[in-house]
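As the structure is a computational prediction, the values presented were derived from the model and not from experiment.
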Amino acid sequence: WPYWNTVTIPEDVALEQGWHNATLLKAVSEGSGRIVATLKYSYIAPYTDSSTDIAPSQQILSVEQKVTICSRVYITFENNEGIGRLILPWSGQNYQLAARGGCGQKVTDYQWTTSDQKVATISSVGVVQSKGL
């Protein structure tokens, strides 16, 4: 695969997650490709005629998934003093975050969230407002 390598998942992680025959994809370059997973199994099916004999048959399940590897996403911010360090939780500070990279092409391609709105809120366009503690 030109865009990723396959890596075996450690057995303890697979057991903890309940995974069987799992493989991790590790990105090595940007680009798009497809992954195909196929499962072939045998089962016993009745003949289509009136006899009661049964014959083995094979069934194949196949799934194809497009995978796109994008560049890293970098986040920058500006405040009233220009670009600098983001120091929270001082109340009333506002910062404009911007994302670049990844597969996003426009501001709305990125989703901004906060893990604690009591400390800081963030708008859908990346404006962070600190709330203080």
Correct closest heavy-atom pair for Trp4 and Ile35 would be CZ2-CG1, 3.6 Å
On a heavy-atom basis, the closest approach of Ile9 and Ala14 is CG2-N, 4.0 Å
In terms of heavy-atom contacts, Ser32 and Thr68 come closest through OG-OG1, 3.2 Å
task: Flag yes if Val7 and Val13 sit in one hydrophobic cluster, no otherwise; membership is Ile, Leu, Val, Met, Phe, Trp, Tyr, and two members link when side-chain heavy atoms are under 4.5 Å apart.
output: yes
Quiz item: Is there a donor-acceptor pair closer than 3.5 Å between any side-chain N or O of Thr6 and the backbone N or O of Leu25?
Solution: no
### Message
Taking Ile122's backbone N and O only, do any of them form a donor-acceptor pair with Thr114's side chain (distance below 3.5 Å, no angle check)?
### Response
no
Where the side chain of Gln117 meets the backbone of Lys131, is there a donor-acceptor pair that is under 3.5 Å apart?
-> no
Note: Glu30 and Cys70 closest approach over all heavy atoms is CG-C, 4.0 Å
Here the gap from Asn94 atom CG to Thr121 atom OG1, rounded to the nearest 0.5 Å, amounts to 8.0 Å
Problem set entry | Other residues, nucleotides, ligands: >12 heavy atoms within 6.0 Å of Glu11 CD | no
CD/Gln111: more than 12 non-hydrogen atoms of other groups inside 6.0 Å
no
dist Tyr110:OH -> Leu97:CG (nearest 0.5 Å) comes out at 13.0 Å
Only one of Val127, Val128, Ile75 passes side chain to side chain contact (heavy atoms under 4.5 Å, CB included) with Trp112, and that residue is Ile75
**Q.** Residue Asp109 excluded, over 12 heavy atoms near CG under 6.0 Å
**A.** yes
Note: Ile69 and Ser29 closest approach over all heavy atoms is CG2-O, 3.1 Å
Heavy atoms of Gln96 and Val125 approach each other most closely as NE2-O, 2.8 Å
